[in-house]
Trainee: 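First, the structure itself, so that you have it in front of you.
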Amino acid sequence: QVQLAESGGGLAQAGDSLTLACVVPGLTSSPMSVAWFRQGPGKEREFVAGMTGFSTTSYRESVKGRFTISKDNAKSTIVLQMNNLTPEDTAVYYCAAVPGYTTAQSVRDRRLYRSWGQGTQVTISS
């Protein structure tokens with residue numbers, strides 16, 4: 001699997017919005033399950049948002065209503081729109097992808113994925 005590349009991270013204040021993007025080769029040529037994970041300082045990498053090959057979405061409870069995962073098929077890109085950011089959202093954000101269909105439960109499992117990005121830093125001040 002190819003290495004992915006995230007973009008769109010940066011510095012923001014609480015209440016602001018950021019949009020992350022990740023080009024996923026083959027996104028439109030075959031079934032693909034995709035997700036965003038994040039890892040804060042001293043923390044384990046945790047699931048943020050995912051989309052199965054059936055386009056069913058799943059979100060971490062703490063980001064529901066604030067974050068939206070979507071696909072831009074024309075650009076072969078997955079997008080994470082993050083609104084109403086808080087300092088607790090500060091982390092390195094990673095995109096991930098794996099060919100095939102999966103379930104809304106298994107899409108949350110980082111062990112599922114075969115392709116990862118290098119991460120993009122999101123820092124939110126209070």
Side-chain angles (χ1 to χ4, degrees):
Q1 292 290 99
V2 300
Q3 180 70 241
L4 309 180
E6 307 90 343
S7 62
L11 302 174
Q13 296 183 342
D16 286 352
S17 297
L18 288 173
T19 303
L20 307 184
C22 178
V23 176
V24 181
L27 184 62
T28 62
S29 63
S30 63
M32 194 79 70
S33 299
V34 298
W36 290 92
F37 291 78
R38 67 187 182 188
Q39 187 166 17
K43 305 292 185 180
E44 295 183 354
R45 191 170 299 187
E46 63 186 20
F47 173 79
V48 178
M51 180 180 292
T52 73
F54 298 104
S55 296
T56 300
T57 58
S58 183
Y59 295 94
R60 184 179 190 84
E61 185 66 29
S62 63
V63 310
K64 286 182 178 178
R66 299 190 298 121
F67 292 10
T68 303
I69 185 172
S70 62
K71 294 189 296 184
D72 186 338
N73 290 327
K75 299 179 180 179
S76 193
T77 298
I78 57 171
V79 177
L80 184 67
Q81 177 65 47
M82 306 186 294
N83 298 327
N84 301 315
L85 287 160
T86 75
E88 289 68 42
D89 296 316
T90 294
V92 177
Y93 283 70
Y94 301 87
C95 62
V98 63
Y101 299 103
T102 189
T103 66
Q105 298 85 255
S106 61
V107 79
R108 309 169 77 95
D109 188 351
R110 67 191 183 203
R111 298 173 298 177
L112 176 69
Y113 299 96
R114 297 294 177 267
S115 297
W116 290 85
Q118 82 291 336
T120 185
Q121 178 71 49
V122 171
T123 302
I124 311 301
S125 61
S126 59

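All residue numbers refer to positions in the sequence shown, counting from 1.
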Trainee: Would you compute the distance between atom OG1 of T123 and atom CG of L18 and round it to the nearest 0.5 angstrom?
Mentor: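 Taking OG1 in T123 and CG in L18, the distance rounds to 9.5 Å.
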Trainee: So which heavy atom on L85 is nearest to which on R66, and how close?
Mentor: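 Taking L85 first and R66 second, the nearest heavy atoms are CA-NH1, 3.9 Å.
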Trainee: Decide yes or no on side-chain contact (heavy atoms from CB on, under 4.5 Å) for T77 and L27, but give the supporting numbers first.
Mentor: CA-CA 7 Å; T77 298; L27 184 62; 5.8 Å; no
Trainee: Please list all pairs meeting ring-ring contact (aromatic ring centres under 6.0 Å, His included) that have one or both residues in residues 67-91, counting only residues at least two apart or in different chains.
Mentor: none
Trainee: With sequence neighbours left out, write down each residue that passes salt bridge (Lys or Arg N to Asp or Glu O under 4.0 Å) with D16, or none if nothing qualifies.
Mentor: none
Trainee: Could you work out, with salt bridge (Lys or Arg N to Asp or Glu O under 4.0 Å) as the rule, every residue matching R45, not counting sequence neighbours?
Mentor: none
Trainee: Residues in side-chain hydrogen bond (donor to acceptor under 3.5 Å, both in side chains) with T102, at least two apart?
Mentor: S106
Trainee: Do S33 side-chain atoms and G100 backbone N/O form a donor-acceptor pair below 3.5 Å?
Mentor: yes
Trainee: Which pair of non-hydrogen atoms, one from S115 and one from L4, has the smallest distance, and what is that distance?
Mentor: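 For S115 versus L4, the nearest heavy atoms are O-CD1, 3.8 Å.
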Trainee: Less than 3.5 Å apart, any donor N or O on the side chain of T90 or E88 sitting next to an acceptor on the other?
Mentor: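 Looking only at side-chain atoms, E88 and T90 do not form any donor-acceptor pair under 3.5 Å.
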Trainee: Does a side-chain heavy-atom distance below 4.5 Å link V92 with T120?
Mentor: no
Trainee: Working to the nearest 0.5 Å, report the span between CE of M82 and OG1 of T19.
Mentor: 7.5 Å
Trainee: If you apply the rule side-chain contact (heavy atoms from CB on, under 4.5 Å), what do you find for V79 with I69, and how did you get there?
Mentor: CA-CA 6 Å; V79 177; I69 185 172; over 6 Å; no
Trainee: Any donor-acceptor pair under 3.5 Å linking the side chain of E6 with the backbone of Q118?
Mentor: yes
Trainee: So, do L11 and S125 sit near enough that their side-chain heavy atoms are less than 4.5 Å apart?
Mentor: no
Trainee: Using the side-chain hydrogen bond (donor to acceptor under 3.5 Å, both in side chains) criterion, which residues pair with E46? Sequence neighbours excluded.
Mentor: R38, R60
Trainee: Measuring from atom CG of L80 to atom CE of M51, what distance do you get when rounded to the nearest 0.5 angstrom?
Mentor: 10.5 Å
Trainee: Running the 4.5 Å side-chain criterion over Ile, Leu, Val, Met, Phe, Trp and Tyr, what cluster does Y101 land in, apart from itself?
Mentor: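 Members alongside Y101: F54.
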Trainee: Would Q121 and Y93 count as a side-chain contact (heavy atoms from CB on, under 4.5 Å) here? Give the steps.
Mentor: CA-CA 6 Å; Q121 178 71 49; Y93 283 70; over 6 Å; no
Trainee: Of all residues at least two apart in sequence or in a different chain, which pass the side chain to side chain contact (heavy atoms under 4.5 Å, CB included) check with N83?
Mentor: S17, Q81
Trainee: Kindly state each residue pair satisfying ring-ring contact (aromatic ring centres under 6.0 Å, His included) with at least one member in residues 20-40, sequence neighbours excluded.
Mentor: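 Sorted pair list: F37-F47, F37-Y113, F37-W116.
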Trainee: Please enumerate all residues that pass salt bridge (Lys or Arg N to Asp or Glu O under 4.0 Å) together with E61, with sequence neighbours excluded.
Mentor: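 Salt bridge (Lys or Arg N to Asp or Glu O under 4.0 Å) check on E61 returns K64.
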Trainee: The criterion is side-chain hydrogen bond (donor to acceptor under 3.5 Å, both in side chains); which residues satisfy it with S62, sequence neighbours excluded?
Mentor: none
Trainee: Test side-chain contact (heavy atoms from CB on, under 4.5 Å) on T68 and Y59; report intermediate values, then the result.
Mentor: CA-CA 8 Å; T68 303; Y59 295 94; 3.8 Å; yes
Trainee: Quick check: closest heavy atoms across A91 and G40, and the distance to 0.1 Å?
Mentor: CB-N, 3.7 Å
Trainee: Got a sec, which pairs hit salt bridge (charged side-chain N to carboxylate O under 4.0 Å, His left out) with one end in residues 71-82, sequence neighbours left out?
Mentor: none
Trainee: Testing the basics here: between I78 and C95, what is the closest heavy-atom pair and its distance to 0.1 Å?
Mentor: CD1-CB, 4.0 Å
Trainee: What salt bridge (charged side-chain N to carboxylate O under 4.0 Å, His left out) pairs are there with at least one residue in residues 97-110, not counting sequence neighbours?
Mentor: D109-R111
